[in-house]
Amino acid sequence: MNAFSSSKASGKKLALFLLLTPFALHLFFLILLPHLEILNISLRERVSYGIYKFSLMNYEAFFTEPLYWRTFLRTAVMSILTTAITLIVAFPVAWYIAKVVRGRTKGLLFLACLIPFWVSELVRTYGWMILLRETGVISNLLQWAGLAVGPVEMLYNDATVMLGLVYTSMLFMVVPLVSTLDGMDDSLVEAAYDLGGNGWNALREVVIPYAMPGIVSGCIVVFMLSLGNYLTPILLGGKDSLWFTDQIFTQFITRFNWEQGAAFGVLLLILSSLIVWLGLKLSRQSFSETMGR
Amino acid sequence: MISSIPQSRAFRGTYNAYIALFFLFLIAPLLVVAVFSFNDSLFPSLPWMGGTLDWYFSDTPERQGLFHDDAILESMVTSLLVATGVTVLSVLLALSNAFLFERHDFKGKSFLYSLMLVPLVIPGVILGISVLAFGSNIANNVEDNWGIYLDFLRPGLVMVILGQFAFISTICTLVISARLRKFDIQLEEAALNLGASRFDVFRTITLPWLRPAIVGSAIVAFLMSFENFNTTLILVGSDAPLTITMFDRLRQGATPVLNAVSVLLMVVSGLLALISVFVQRKEPGQ
């Protein structure tokens, strides 16, 4: 090896080192170590000021106190339902944008899907509050149309919380669906019809298998966002919304019981990782490909 | 459906109606927020009392318009500060990460790449509490052992910036990497052959190619930071960014001044969206 190429190789090494440093600093100090810290806190019990011992007490509390695990279960089930509803609502829209309209309209409709998500979630939720509350727009409309006698309160129930979550997650379902459906060759569907299939057969045997990567990545992101959401359940569900992130917040910030809050955080993280893993496993996709889209 | 496949009129009609309803669903909450900011009433609800600009410009005790509401204006400045910090940090790290993953090969690269994506699947509240706990732990240790007070590791703006930076940088990395991947490396080689230095090549060839992605990711980072709520709520100290102030107001009972703030946010986001569309469209090489 001559001097020139070895200096080039060492230059390359130096560059690699310089690029790895910020990456590693970020990864260790903002992601890995903080989460290990949470795990550590969740596994200890406060004996007296500044003295702790190892204990599974915080996890025991979760399983023995019905409020805790029921809230956890409820959050998980409602997030799954939200994901399913979002998929069902978004699919026809994604199909319309990808396959029915062409040219300028297509671009415009796609952009129209994105616009609401440039606005803060707080503003969007506030909009739903104005629409749905007792003195709100829809209540007034119903009374005006003679469909209701008095004011109707539509806030502070589970259906409204899910409506808010579906609304807030819509973009993350529509975009991956449109991008996978866009790549599908129309002749595949035509072939399904030529072979004697009807619309339902074509959808089930051709379109859905083809769109699977988009469906999975959309579902994973929507599920994660619903599970980790705090604002929408609190504002639309009121005090009794019983969302698990609210439990974490209460323990950590209001009660200053970091040990319990950390245990809840670890449990939520385990649940979400599990579901993501399951989704990837069932659809045989890799994490990097699905998230890196 | 696909044009070559015949569909009944009824099906088409229903389908079009569904799409129309969907877009109504998307736009309705934003529309009512905007409309009620002009309602001449103390509450953001019906009945409609006529139009007014009071909730923007008025300065009376019972109607303090947006531009006279000091708490809101102050928290806007706070949000701007935080968002600027997050944007600068995120774009710089994203640039570095993009070159790391697109231009270098090393052991464990795909594993590290997956780790880099992890922040995308961590709920914001959990990211918040873990950064908070870790910061406090370091601050406590330093305080106990050396008697130095590291106040920036306690809840406050620095922690808000760090917490948001933790996951926003990942999104920026994805945007910039995607652009760098499409770059034709021969352009750099040609310039090097013609005698340009590494730095000149980067400045005159690679960087201009990346510009749309850099501007785009900066806009996304800025907006995400400005609008972030979950992570911010956990890490916030005494200076509240805008979303926190608005949330507190909402819980106390909203006045139309919140609608006015929302309209301002919509206008600014809309402008930023237009800029990013414009920048992407002017991509060199397209």
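Throughout, protein chains are lettered first and strands after them, A, B, ... in sequence-line order, and every chain is numbered starting at 1. From a predicted model like this one, the values you see are computed outputs, not experimental measurements.
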Problem set entry | ring pair (Phe, Tyr, Trp, His ring centres under 6.0 Å) between B:Phe101 and A:Phe23, worked out | CA-CA 10 Å; B:Phe101 286 111; A:Phe23 169 76; 5.3 Å; yes
Counting only non-hydrogen atoms closer than 4.5 Å, does [X] touch chain A with its backbone (N, CA, C, O), its side chain (CB onward), both, or neither?
X: B:Leu250; result: side chain
X: B:Leu112; result: both
X: B:Ile129; result: both
X: B:Phe247; result: both
X: B:Ile171; result: neither
X: B:Phe25; result: both
X: B:Arg103; result: backbone
X: B:Ser136; result: side chain
X: B:Leu21; result: neither
X: B:Ser169; result: side chain
X: B:Leu265; result: side chain
X: B:Ile19; result: side chain

Exercise. Just wondering, more than 12 heavy atoms not from A:Phe28 lying within 6.0 Å of its CZ?
Worked result: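 Atom CZ in A:Phe28 is not packed in, count stays at 12 or less.
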Which of the residues [options] is involved in the greatest number of heavy-atom pairs with chain A at under 4.5 angstrom?
options: B:Val131, B:Leu93, B:Ile27; value: B:Leu93
options: B:Val268, B:Leu26, B:Val125; value: B:Leu26
options: B:Gly128, B:Ala178, B:Ser269; value: B:Ser269
options: B:Pro119, B:Pro123, B:Ala28, B:Ser130; value: B:Ser130
options: B:Leu162, B:Leu233, B:Thr243; value: B:Leu233
options: B:Phe106, B:Phe99, B:Phe229; value: B:Phe229

List the atom of [X], the atom of [Y], and the distance in Å for their closest heavy-atom pair.
X: A:Val123; Y: B:Met266; answer: CG1-CE, 3.9 Å
X: A:Ile253; Y: B:Ile234; answer: CD1-O, 4.0 Å
X: A:Pro92; Y: B:Tyr15; answer: O-OH, 2.5 Å

Heavy-atom side-chain proximity of [X] to [Y] below 4.5 angstrom:
X: A:Leu16; Y: B:Leu100; value: yes
X: B:Leu127; Y: A:Ile31; value: yes
X: B:Val33; Y: A:Arg124; value: no
X: B:Ile126; Y: A:His35; value: yes
X: B:Phe36; Y: A:Tyr126; value: no

Exercise. Of all of A:Phe252, A:Tyr167, A:Phe249, which one pairs up most often with chain B through heavy atoms under 4.5 Å apart?
Worked result: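 The candidate making the most pairs under 4.5 Å is A:Tyr167.
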Problem set entry | Options A:Val93, A:Leu235, A:Thr245, ranked by heavy-atom pairs under 4.5 Å with chain B, top entry |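 Maximum pair count with chain B is reached by A:Val93.
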All side-chain hydrogen bond (donor to acceptor under 3.5 Å, both in side chains) counterparts of [X], not counting sequence neighbours:
X: B:Ser75; value: B:Thr245
X: A:Thr160; value: A:Asn157
X: B:Ser225; value: B:Gln164

Separation between [atom1] of [X] and [atom2] of [Y], rounded to the nearest 0.5 Å:
X: A:Leu27; Y: B:Leu115; atom1: CG; atom2: CG; result: 5.5 Å
X: A:Ser272; Y: B:Ile122; atom1: OG; atom2: CD1; result: 8.5 Å
X: B:Lys109; Y: A:Leu20; atom1: NZ; atom2: CG; result: 11.0 Å
X: A:Ser120; Y: B:Phe226; atom1: OG; atom2: CZ; result: 9.5 Å
X: A:Leu122; Y: B:Ile244; atom1: CG; atom2: CD1; result: 9.0 Å

Measure [X] against the heavy atoms of chain B and call it side chain, backbone, both or neither at under 4.5 Å.
X: A:Ala15; value: both
X: A:Leu109; value: both
X: A:Ile248; value: side chain
X: A:Ile38; value: side chain

For this session: Kindly assign one of parallel, tilted or perpendicular to the pair A:Phe29 and B:Phe134, based on the angle between their ring planes and the thresholds 30° and 60°.
Result: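 Answer is tilted, since the angle falls between 30° and 60°.
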Exercise. How would you list, in number order, the residues of residues 257-267 of chain A that have a heavy atom less than 4.5 Å from chain B?
Worked result: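 Contacts with chain B: A:Trp258, A:Gly261, A:Gly265.
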Exercise. Under the 3.5 angstrom rule, does the side chain of B:Tyr18 hit a backbone N or O of A:Val89 as a donor-acceptor pair?
Worked result: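 Indeed, once roles are kept as given, a pair shorter than 3.5 Å links the two residues.
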Exercise. Quick check: does any side chain N or O of B:Asn230 sit under 3.5 Å from a backbone N or O of A:Asn229, one acting as donor and the other as acceptor?
Worked result: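 Flag not set: sc B:Asn230 to bb A:Asn229 has no pair under 3.5 Å.
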Exercise. Do the two ring centres, one from B:Phe165 and one from A:His26, sit under 6.0 Å apart?
Worked result: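 When the ring centroids of B:Phe165 and A:His26 are compared, they turn out to be within the sub-6.0 Å range.
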